[in-house]
Structures are given as structure tokens and as C-alpha cells.
Protein chains: 2
Amino acid sequence: MSISGIMNAIHPWIRLPLIVNAPMRLIALAPMAVAVAHAGGFGFLAAGTDVGDLKAELRKAKDLVQNTFIKGSDPDVLPIGVGFINWGVELSTALNAMKEHIPAAVWFFAPKRTEDLIEWTSEIRRLSNARTKIWIQIGTVADAVRVAQTCNPDVLVVQGADAGGHGLAQGAGVVSLLPEVADVLEEAGLGSIPLIAAGGIVEGRGTAACLALGAQGVVMGTRFLASKEANIAKGYQDDVLRTTDGGLSTARTGIYDTLRGITGWPSRYNGRGILNQSFWDAQKGQSTEENRRLYNEAMHKGDQGWGENGRLTAYAGSGVGLVKEVKSAQDIVEEVRRDAIDVLSKLFHTSSKLQYKLG
Amino acid sequence: MSISGIMNAIHPWIRLPLIVNAPMRLIALAPMAVAVAHAGGFGFLAAGTDVGDLKAELRKAKDLVQNTFIKGSDPDVLPIGVGFINWGVELSTALNAMKEHIPAAVWFFAPKRTEDLIEWTSEIRRLSNARTKIWIQIGTVADAVRVAQTCNPDVLVVQGADAGGHGLAQGAGVVSLLPEVADVLEEAGLGSIPLIAAGGIVEGRGTAACLALGAQGVVMGTRFLASKEANIAKGYQDDVLRTTDGGLSTARTGIYDTLRGITGWPSRYNGRGILNQSFWDAQKGQSTEENRRLYNEAMHKGDQGWGENGRLTAYAGSGVGLVKEVKSAQDIVEEVRRDAIDVLSKLFHTSSKLQYKLG
């Protein structure tokens, strides 16, 4: 079976190239996941580091799915996925939260130790009778091979350094990471695992590019921050729309975790966010104590706490400069998929002429 | 005229998608530039920061060109380009070195102030009667617009953060940088300037991806480090062939400039190189003095000074893990161009089926 055949077999409602929303903690919830699925994408809701609300969120998703039509492989499986930030979640609690409504996929990211994912994988496959597919996010070639060999995941999400929010502090962009991962997996006899690209992709051109690099589809986070279904403060969303020149106005940093007192991330991770006064003051050597005091003060300002002169965290990828407008998740999925196919058609017609000239 | 038409009109011997070798200081000299041109690419020799040898190198190129067949627009113009690192070069010296053999293009990179390029552009156009085309490398959207408006370059090289050697310390990968640059130039009425992508591209998939992102071609540096025509130490070249997992085994750093006593780079630049003992010792807090002493000691070891346990500088991009074999520059150009077209053809045939399903 072709790789695209594999994707369709495991998640029958999807259309290719596959568009996926990133399971952004606190932001991607049932409405986003179901809207993305409804448009033929793969929708994830974020459990993140805290699965306290997961059971309720899956119930909401179930209700939303019933009001729409999404052709799943199994009527007893919710046609959406759940994203975990594994270092912060107890496996037993996660299993318990997913008993009532089995999701079509889970997404693993940032375990304390890569080996922890072996048990997560086998226990979730056992719970769901293998109806829940295992997606695992990696950011290096070494992790891709290790995870592929030990967990036999159904899908690998390959995250490049342009991604917003958390990811590896040190890594390559998708332009080199994806082909190297694909080649090394192929050499190891693991070339049939579908790869989904993440990091810096916000529209059709980036999607088409990732298909050329060897992916079956893409994950977008930043693009969905500016969706109607995002559970996001207006100040944060406005910051995304305002920001241009994404490589210059965002950076990978640990400052936002420090200021918010978030301490659980394994040391090799940090987050890409829009640069603001918190960042610049830290760069200038302001004490963490004073910076944190100002951060907490900014939190009381609500939406005014964000912005270039604001202080609050606005995680976003380097593609943020291409996001100009809030749209529905359905429109985003359909537009990006259509544009990607359009880009490829146009390029083919150019490249046919080139082949003639080459011949 | 289409953008690809513009490229062909200014450099008639090239084939699309255009493959360009990066003007790597001390490494890309006349043999590499002419071999790349001979294969239908655009070849650059590096003047770098020191134009003392430029006149002699252009003479060598002239001799090499005469032994081959490259259809230029003008028999009096050398069908190759010269790359400058502008902060280190006096314009008058550069003009003097190019009087005898006019190159088909110059490539500007890293001026002290962006405005300096205005005079460089006009003086070189005056010297060559506009037969020398102006290529300018940028790494942000802001620089792209500024340079396009003030210099009206013939080509913009858009360098992403995955590039090896020097580039902006902070920036985006090509996946988001290229489309944002393209859109902003288009909005400013400057959309007819061809864009050439650089940074992390070493083979056909990356090339096809950059075409999807809006480029007319790509620059490769790291791939040409492993070419027969590279003027490179065997220890350095072996390091390139050995290194895998490019995002993990390379990083952007200022340490190699520090250790080699190179002080002229404007502060916003650093270089991506393969991580070795120099880097790790600096990370561990070793004094610069001691690190430099060990560096100089390693220089006496010749080729043994490189490698994972070595200390010498091996600048390389994050695509280094995909480079496995030394080939001729001609083979590299032809293979990458063919593979890129092949990738696009295959994707089109897949996407045609998808369009049918979408319809």
C-alpha cells in the first residue's frame, strides 16, 4: 500500500494533503478539533500537561461530532485526536480519561525519557484495541529512529526549528530535517511510517514544500491561533495578526517559561514566541524577579498585556508574518489544501517545459 | 516577461530550476564557478573579504571558460559571478580587480550598513555598463524590502537560518521566510525580482520545496563542500561526509570567529558549523585564551585537527547529514536539477488524483 493509502486507511475521513492542527495547550479544544476533522483534516484537542478536563472535553467533542458528518472507520471511535505533553501526565490518568470516548489518535510529545513512550504506546493500543493510532512528535533524526524502532508509531510528526511554542532548543528546519529523517528511516527498513511536517508552515506554499520534502501532510499551529475556534485571548490573537517578519520578531527562548514559573520541561526544550518587553528586558539583564513582577502586573491588563510593548507570552512560529486574518478552521483547512495542490499543478506545468529543455 | 524568463534573459546559459554554488570564502574559486556554469548552473567564485587574489582568479576563470563551452549573452563577459563579503572590502579595490574580466554577476553580503550597497550597485553597473548583474543576499523581510527599493537588484538571495557559515544569528528558515519575502515584495510592487533560496538545501527535494515556496532556484554551499572542485582541506571535507543529524550536530555560534580572531563581522551575524571540542569546551566555560591555544595546537595537526574530537572550524549547514559522497560539481548540479524536476512530476501525478477526489 502507498503511504497515502496508509493514511487514508487509518483515518478514512481525511483528504490529502493532510492538514492537521497542532494540539496547542489550552487553545486547541473540542471545537477546533471537530471543525478541522469536518473539513477533511485531522483535528487534535490538547490535553497538554493536565488531563483533568480531558474526559469532559472528549464528551463535548462527541456532541459536536454528532451534529456534523464525519465518516470514521468505526462509529465508536471519535474521529479526532488527543495531544499529550507526556512529561506532565500520568499514563493511568490519561487512560482513565479516554475510556468513555476512544479517540482516533493520540499525539505524544516531550516525554521525560524517550523510553517512556513504549509503555504509553502499548497501553493505549491495549485500551483501544489498536483503534487509537499513535502519532509521535520528534525533532531529530536520532529520535525518529529510536521512536520508530521501539514504538512502531502509526505516524511521525517531524517538527522543525521554525515551530512556535515548545520544541527542541537546537534543531534544523524542515527543509533539511524531513529528507534526512525520511532517508534514515528508509535505510532502517522503517520507510512506511507516514511523516507529517511541522514548523513554520502556515499556508499552501509551505504545505506544497513539505510534500516535496517527503511529508504526507502538515501540522499548523500559528495559522490556527487566528481561527474562530481557537480558545485564545484577543490580545494574543491580535499580536499574531500584527506581527510581521517572523524570523526577526520571534525567537526560541526559555524566558516565558521562567516568567510563568513553568518548570517541568526537559532541558533540551524551549519555546518560540513573539519578542516583547519581557524578552528585551531579560536580554538587557533585568533580574528575573523584577521581570516576573512586571509580567504579573501585565496579566492584570487583560488584552492590553500583549503586543510589542506588552509583556505577556504569545507563542508563535516564524510563519506568523503570513497570518493576516482570522478565519474559521474549516476555511483554513480547505484553503491551505487547495492552495497546496494549486502550487504543485503550476510547478508541474513549468517543470514539464524544463524537462523538454533538458531532454 | 515571466520571472523564469527574466533569469534566462540575464544569464542565457542557465537551466531552470537554477542551481547556484555559494561563494564560500577560500573554498569556491575559479574551478568550482566554471564547472557549475558549464553544467547550466550559476557559478560564483568567492572574493570574500580579501580581493587581493581576485584579478588572478578571474584570469584563471577566463582560461577555464575558454576550454569549455558556455553560451553567455556577451563574449566579453565572464559567465560566472564574484561573491563579496562587503564589510571587508573597499569598493575601489573591487572595481579595479574586475576591470580586466567583467563578471556576469556580483553577489553582495553583509555590508557594514545596508545603505553601502547603493554605491556598490551603481559603481559596478557603471563599470560594466550594466552587464554585471547585481545579486544581493538578505535574511529578513525588512532587509529584502530595503535593498529592493534602494538598489533594484537583479536577483535577491533569500538565506534561511539553516545555512552553513555566516548568516544572521536570528532568523527564520526558508519555509516561512521565502513566502513572506515574496508577498511583501509583491505588495510593494517589487514582485518581479527573482528570488533564489539558500539555507539547508543540499539536494533535489529541498530544491523542489524552494520552488514551491516561490524561488526560481537554490544556492547550495554544504553540498559543494563535498565537490571535487572545492578548495578544501581533506579533514574538513571528511567532517562533512561523516556528520549526520544536521540539526543536532551543527549550530549557529560565534565561537569559531572568536577562536580564529576574526573580528569584522557586523554584530547581527554568526556562523553555523559542525559542533566539535572547541564548541563543547566553550559551552563548559573554558576560557577563550585556553580554547584558542588548543585551537592553534590543532591547526598543526593538519587534517587530524577536524572531526568530532577535533577542534578546527567546519562550517556547514543543517543539511550536512544528507551529504555522503564527493562528486564533481557538474554531477551535483545535474543530479539536483534532475531530482527536483522528478520530485515535482511525481507530486503532480499524486495531486491530480487528489484534485479529482476534491472535485
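Proteins get letters first, then strands, A, B, ... in listed order; numbering begins at 1 in each.
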Problem - Largest heavy-atom contact set with chain A, pairs under 4.5 Å, which of B:T207, B:T140, B:T244, B:V181 - result: B:T140
Exercise for the section: Would you indicate whether the side-chain heavy atoms of B:L322 and A:D183 approach each other to under 4.5 Å? Expected result: yes
Fill in the blank from the handout: chain A shares the most heavy-atom pairs under 4.5 Å, among B:A208, B:G319, B:A161, B:G171, with B:G171
Handout entry: Any donor-acceptor N/O pair, A:R337 side chain to A:A340 backbone, under 3.5 Å
Key = no
Practice task
Determine the option with the most heavy-atom pairs under 4.5 angstrom with chain A, choosing from B:G317, B:G160, B:G321.
Solution key: B:G321
Exercise for the section: Considering only heavy atoms and a distance below 4.5 Å, find which of A:V175, A:T250, A:L168, A:V184 pairs most often with chain B. Expected result: A:V175
Problem - B:Q216 side chain vs B:L195 backbone, donor-acceptor pair below 3.5 Å - result: no
Practice task
Could you look at B:D162 and say if it's the side chain, the backbone, both or neither that has a heavy atom under 4.5 Å from chain A?
Solution key: side chain
Exercise for the section: Select one option (side chain, backbone, both, neither) describing which atoms of B:E334 are under 4.5 Å from chain A's heavy atoms. Expected result: neither
Handout entry: Any donor-acceptor N/O pair, B:R268 side chain to B:A169 backbone, under 3.5 Å
Key = no
Exercise for the section: Tell me whether the centres of the aromatic rings in A:F348 and B:H349 are closer together than 6.0 Å. Expected result: yes
Exercise for the section: Specify whether A:Y256 and A:Y315 have parallel, tilted or perpendicular ring planes, treating 30° as the upper limit for parallel and 60° as the lower limit for perpendicular. Expected result: perpendicular
Problem - Option that, when pairs with chain A are counted at under 4.5 Å, heavy atom only, ranks first among B:R205, B:R272, B:E203 - result: B:R205
Problem - Option that, when pairs with chain B are counted at under 4.5 Å, heavy atom only, ranks first among A:A251, A:G246, A:P179, A:G173 - result: A:P179
Problem - Expected output: side-chain B:W13 to main-chain B:G41 donor-acceptor under 3.5 Å - result: yes
Practice task
Side chain from CB out, backbone as N, CA, C, O: work out which of these in B:A197 comes under 4.5 Å of a heavy atom of chain A, or both, or neither.
Solution key: neither
